[in-house]
Amino acid sequence: TRSTRPKRLLRAVQKNATRGDPLSVISAIDHFCRHSEWAMNVGDEKGSILDSVVSELNPNTSLELGTYCGYSTVRIARLLPPGARLITLEFNPDYAAVARQVISWAGVQDKVELVEGPSGDLIPQMKERFGVETFDFVFLDHWKDRYLPDTNLLEECGLLRKGAVLLADNVICPGTPEYLAYIRNSPRYESRYFQSHLEYTKVEDGLEKSVFLG
Ligand SMILES: CCNc1ncnc2c1ncn2[C@@H]1O[C@H](/C=C/CNC(=O)c2cc(-c3ccc(F)cc3)cc(O)c2O)[C@@H](O)[C@H]1O
Ligand SMILES: [Mg+2]
């Protein structure tokens with residue numbers, strides 16, 4: 001079957017990373033994307049901001065929108081305390097298949113539940129089907145024009161607890177104008193912009209961290 005970039009990325013992980021060692025998986029992907037083929041992972045620079053937000057929050061229940069190859073899934077899961085869990089949503093079956101293998105190569109599969117399907121259908125099922133009460137942390141990194149509708153959906157489904165943190169990738173490049181306008185003007189959120197760069201480049205990009213006030 002035709003080789004794709006995600007499959008070549010997975011091969012680089014299997015070749016260069018040590019099974020059960022999440023940091024070696026993260027650096028193998030960063031090396032591949034820097035020296036072989038650029039790919040839309042959050043990357044090492046924005047990734048360390050993601051790490052600090054997760055470490056400070058110690059979330060029990062986390063949601064990731066847009067798994068892609070599982071790079072940020074591994075970054076988040078490796079920092080979660082025992083018993084904590086990360087649900088990650090991916091609607092492309094080929095990407096999901098690659099991500100599952102990256103996640104298990106890193107040895108974090110016990111903390112991760114990768115669900116295949118569109119977020120718009122899955123978010124309303126979180127309570128009933130996945131036994132979620134509320135999320136402590138949400139990482140948004142899927143189609144940029146879906147950040148706002150999915151945030152509204154999370155609100156409507158009562159899935160955000162007071163103090164829950166939303167962290168959005170790419171608020172500058174490619175950009176998420178409607179999401180930014182909403183979240184920065186809403187009295188229900190306290191937002192802060194973390195300036196950084198588009199993964200593996202010198203182009204400006206950043207993460208928007210927003211605390212839900214209830
Ligand atoms: C339909 C909405 N619901 C969804 N539900 C579940 N999974 C979804 C969904 N949308 C998209 N996905 C998945 O998330 C991933 C999509 C991510 C979209 N990301 C980007 O477009 C992106 C793009 C860039 C970028 C920046 C500059 C460029 F020149 C070129 C690309 C950088 C990034 O960091 C990005 O995150 C895919 O795996 C896709 O299958
Ligand atoms: Mg991104």
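Numbers here simply count residues along the sequence, with the first being 1. Both counts, for ligands and for their atoms, begin at 1 and track the order of listing.
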For residues Y200 and D30, is any side-chain donor paired with an opposing acceptor at under 3.5 Å? yes
Regarding atom 36 (O) of ligand 1: of the candidates M40, E116, K144, which has the closest heavy atom? K144
Relative to F32, does R11 satisfy both conditions: NZ or CZ under 6.0 angstrom from the six-membered ring centre, and within 45 degrees of the ring's axis? no
Hey, is G120 one of the residues with a heavy atom under 4.0 angstrom from ligand 1? no
Below 4.0 Å from ligand 1: does a non-hydrogen atom of G117 turn up there or not? yes
Check each of F91, Y68, W38, Y147 against atom 12 (N) of ligand 1 and report the one with the nearest heavy atom. F91
When rounded to the nearest 0.5 angstrom, what distance separates CG in L160 from CG in L213? 11.0 Å
Could you identify the single nearest non-hydrogen protein atom to atom 35 (C) of ligand 1 and state the distance to 0.1 Å? N170 OD1, 3.3 Å
Tell me: protein heavy atom nearest atom 17 (C) of ligand 1, and distance? D141 O, 3.4 Å
Relative to each other, are the rings of Y189 and F212 parallel, tilted or perpendicular (30° and 60° limits)? tilted
Atom name, D169 (N, O or S, nearest to the Mg ion (ligand 2)): OD2
Residues, nucleotides or ligands: over 12 heavy atoms within 6.0 Å of E37 CD: yes
Can you tell me if N41 has an N, O or S atom under 2.8 Å away from the Mg ion (ligand 2)? no
Nearest protein heavy-atom contact for atom 4 (C) of ligand 1: which residue, which atom, what distance? S119 OG, 3.5 Å
Is any side-chain heavy atom of Q109 closer than 4.5 Å to a side-chain heavy atom of I103? yes
Identify which of H142, K46, E90 has a heavy atom lying nearest to atom 39 (C) of ligand 1. E90
Backbone, side chain, both or neither: what part of L198 comes under 4.0 angstrom of ligand 1, heavy atoms only? side chain
Protein heavy-atom contact under 4.0 Å for atom 28 (C) of ligand 1? no
D141: its N/O/S atom lying closest to the Mg ion (ligand 2) (atom name): OD1
Check each atom of ligand 1 against the heavy atoms of L89 and keep those under 4.0 Å away; list them by number with element. 6 (C), 7 (N)
Quick check: do V53 and F137 have side-chain heavy atoms less than 4.5 Å from each other? yes
